[in-house]
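A short write-up of the structure that comes next.
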2 protein chains.
Amino acid sequence: MAENAKPKRRRSAGAVVEEPALAGLELRPPGLTPVEQEAYRKLIDAIAARRLLPGVKLVEEDLAGIFGVSRERIRRILLVLSQHDIVRLEPNRGAYVARPTYAECQDAFEARLLIERNVVRALASMGPARRRMIVSHLRRHIGAESEAIAAGDRVAEIRLSGEFHLKMAALAGNQRLLRMLQDIVAQMSLALAAHTHAHDLDCSISEHAELLDAIDAGDLDRADHLLAHHLEHMEAALLHGMHGEEDSLAAALGEIRSGNA
Amino acid sequence: MAENAKPKRRRSAGAVVEEPALAGLELRPPGLTPVEQEAYRKLIDAIAARRLLPGVKLVEEDLAGIFGVSRERIRRILLVLSQHDIVRLEPNRGAYVARPTYAECQDAFEARLLIERNVVRALASMGPARRRMIVSHLRRHIGAESEAIAAGDRVAEIRLSGEFHLKMAALAGNQRLLRMLQDIVAQMSLALAAHTHAHDLDCSISEHAELLDAIDAGDLDRADHLLAHHLEHMEAALLHGMHGEEDSLAAALGEIRSGNA
DNA sequence: GCGAACCATATTGTGCACAATCTTGCGCAT
DNA sequence: ATGCGCAAGATTGTGCACAATATGGTTCGC
């Protein structure tokens with residue numbers, strides 16, 4: 001009687017089911033109607049897949065037309081996105097896909113390392129049964145990553161690579177840390193798109209597999225070490241790509257890559 | 001020529017100045033006009049000072065009258081607050097000050113411990129000169145806390161106690177971690193208000209002083225240990241207060257303490 | 001007397017119209 | 001030819017009016 005009003009859902013998102021902890025992965029910003037959440041998710045997807053690049057102007061009326069909703073709804077969505085540092089709102093000028101600065105990236109990396117180390121530690125120190133469950137799920141995910149690479153599907157590869165980290169966080173069970181990481185991953189995706197030219201090394205899949213092995217074995221130190229390496233790898237690549245261009249002419253010229261449609 | 005457009009600011013907020021890193025303390029949600037940010041800040045202040053209790057209904061028109069702005073502005077502010085889990089927006093029912101659940105508090109505590117340990121570690125491992133600067137600032141803050149206690153100003157005491165932690169984060173220099181902690185502290189303030197009856201031990205000031213001594217001495221391990229103790233102290237008190245009442249009759253009855261004006 | 005449907009009121013949700021602001025392109029003077 | 005100013009168009013910002021929904025009390029039927 002006094003239970004929640006969500007009797008029978010689950011088993012609707014296709015492949016990602018059977019594991020309740022993964023339910024938190026779905027983006028559900030509060031205060032938005034289902035229709036708005038849909039559009040919100042599509043925007044985030046577009047960013048994760050690099051279809052929306054940093055600096056692109058998001059014209060309200062255009063978005064309204066694309067998603068088939070009114071301009072005020074778009075307006076609310078943009079406001080929410082701005083709270084998560086995914087969109088930059090300039091007064092009287094409009095909304096732009098965020099272009100993270102050097103300092104922001106450094107901060108984000110520090111936060112990410114902090115969160116993910118905690119996540120991996122949590123996973124690796126769970127009971128054997130639960131750990132087996134988790135590892136099995138993540139191995140399947142890596143399988144999907146491999147397929148995407150084999151098929152040459154660059155977009156899917158990028159998306160799945162980021163999702164791997166989010167799935168780990170979801171499985172660790174802390175909703176708050178998961179949401180923090182979601183924001184960070186999105187921002188990092190933007191930073192990589194903006195400042196990295198050869199983004200061949202977003203996330204090497206072999207490192208994912210090794211990390212998973214360590215978790216499987218319950219080897220805390222090794223898992224921690226591998227993760228730290230993995231992330232510092234990314235950080236070095238990104239921060240190197242950004243080195244010196246920040247707030248400089250190059251960054252300004254980089255803004256050219258706007259252009260709608 | 002290619003520098004930022006912030007030539008000479010600073011030195012405007014009265015007592016809290018002379019330290020650039022503390023500038024990040026001021027709440028500035030993006031996408032809100034200055035007028036809206038003002039109202040936003042007042043709402044957060046009211047929550048930090050326990051003048052706004054969890055579960056209280058926030059009627060749009062009332063707030064509009066109080067702050068002297070239009071209803072649509074209030075609407076935007078509430079949407080932003082909902083993104084930070086400070087306000088719960090129920091469709092067609094209205095906005096309510098959030099009442100964190102047991103699970104949310106656990107997650108928040110884990111995140112908080114993670115962030116603050118990193119903050120304290122960062123502070124304690126800074127160079128001697130910088131460390132002296134920081135410690136001096138924080139000691140002055142503790143002085144203010146003492147005064148509030150001596151004067152019997154309960155409201156100021158609560159506010160300053162929470163602010164101590166935020167100042168440490170601000171001085172550590174990571175903006176993103178700071179903002180995360182701001183959200184967590186606000187939520188925790190709500191949780192304490194909602195579920196703790198004798199909230200005499202929000203934060204004991206002597207623990208702040210001890211922690212600061214350890215940072216001053218550059219004693220990483222001791223600082224880390226003291227912080228962990230300090231927070232676990234709080235956690236135990238809160239989670240004990242909440243034990244069993246979650247989603248139960250008690251929680252439902254607790255909603256009675258609404259009443260506007 | 002009890003319960004259920006109904007209506008009045010209060011509150012939130014949404015679309016629209018217009019105001020404010022920025023951008024762009026043109027023309028004019030130097 | 002170059003730079004300045006101005007006007008037209010495009011885009012964002014805001015208030016208002018009305019629709020949709022929830023709430024609480026009342027009345028009617030059993």
Side-chain angles (χ1 to χ4, degrees), chain A residues 1-2 4-5 28-40 43 52 55-83 86-99 252-253 255-261, chain B residues 1 5 28-40 43 52 55-83 86-99 252-253 255-261:
Chain A
M1 296 298 175
N4 274 341
R28 294 176 183 281
L32 295 185
T33 68
V35 191
E36 290 164 344
Q37 292 191 0
E38 173 89 14
Y40 181 90
L43 282 169
L52 261 184
V56 171
K57 173 157 188 184
L58 300 171
V59 180
E60 296 177 356
E61 205 153 357
D62 293 357
L63 292 177
I66 290 167
F67 292 122
V69 301
S70 67
R71 193 161 71 88
E72 354 284 289
R73 287 188 189 281
I74 295 296
R75 196 157 246 279
R76 289 161 53 87
I77 295 170
L78 290 176
L79 180 58
V80 171
L81 283 167
S82 79
Q83 297 309 304
I86 289 164
V87 152
R88 192 168 34 98
L89 252 41
E90 294 186 20
N92 289 318
R93 300 244 7 262
Y96 298 82
V97 178
R99 170 190 293 281
L253 290 175
E255 299 230 12
I256 292 176
R257 81 184 81 176
S258 298
N260 39 331
Chain B
M1 295 299 179
R28 294 176 182 280
L32 294 185
T33 68
V35 192
E36 290 165 344
Q37 292 191 0
E38 171 90 16
Y40 180 90
L43 281 169
L52 260 184
V56 172
K57 173 159 190 185
L58 300 170
V59 179
E60 296 177 357
E61 205 151 359
D62 293 357
L63 292 176
I66 291 168
F67 292 121
V69 301
S70 66
R71 193 162 72 89
E72 356 283 291
R73 286 188 188 282
I74 295 296
R75 198 157 244 280
R76 290 161 50 88
I77 295 170
L78 291 175
L79 181 57
V80 170
L81 283 167
S82 79
Q83 296 309 304
I86 290 164
V87 153
R88 190 166 36 96
L89 251 42
E90 294 187 20
N92 289 319
R93 299 245 6 262
Y96 298 82
V97 177
R99 169 190 294 278
L253 290 176
E255 299 231 13
I256 292 175
R257 79 182 83 175
S258 300
N260 39 332

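Below, chain A is the first sequence line, B the second, and so on; all start at residue 1.
- In this structure, L43(B) and I86(B) have side chains that are not in contact, with every pair of non-hydrogen atoms separated by 4.5 Å or more.
- Residue G31(B) comes nearest to S82(A) through the heavy atom pair CA-OG, 4.4 Å, listed as atom of the first residue, atom of the second, then distance.
- Remark: E38(A) pairs with R41(A), K42(A) by the side chain to side chain contact (heavy atoms under 4.5 Å, CB included) rule, at least two apart or across chains.
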### Query
What's the verdict on side-chain hydrogen bond (donor to acceptor under 3.5 Å, both in side chains) for R99(B) and Y96(B), showing C-alpha distance, side-chain angles and the deciding distance?
CA-CA 8 Å; R99(B) 169 190 294 278; Y96(B) 298 82; over 6 Å; no
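- Contact check of residues 73-81 of chain A against DNA chain C (heavy atom, cut-off under 4.0 Å) returns R73(A).
- The CZ atom of R75(A) lies 12.0 Å from the CG atom of L79(B); values are rounded to the nearest 0.5 Å.
- Atom CD in E72(A) sits about 16 Å away from atom P in dT11(D), given to the nearest Å.
- Per the geometry, CD belonging to E36(B) stands 7 Å off P belonging to dT14(D), to the nearest Å.
- In this structure, the separation between CG on L78(A) and OH on Y40(A) is 11.0 Å, given to the nearest 0.5 Å.
- Distance check: E60(A) CD to S70(A) OG gives 10.5 Å after rounding to the nearest 0.5 Å.
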Nucleotide N/O of nucleotides 18-23 of chain C paired with protein N/O under 3.5 Å:
from: dT23(C); atom 1: OP1; to: R93(A); atom 2: NE; distance (Å): 2.5
from: dT23(C); atom 1: OP1; to: R93(A); atom 2: NH2; distance (Å): 3.3

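- Backbone-only engagement by E60(A) is indicated by non-hydrogen atom pairs under 4.0 Å involving sugar-phosphate atoms exclusively.
- Put simply, S70(B) has a side-chain N or O that comes within less than 4.0 Å of OP1 or OP2 on dG15(D).
- L58(B) comes within 4.0 angstrom of sugar-phosphate atoms only, judged by non-hydrogen atoms across all strands, and of no base.
- For E61(A), the CD atom sits in a loose shell: 12 or fewer heavy atoms of surrounding residues, nucleotides or ligands are nearer than 6.0 Å.
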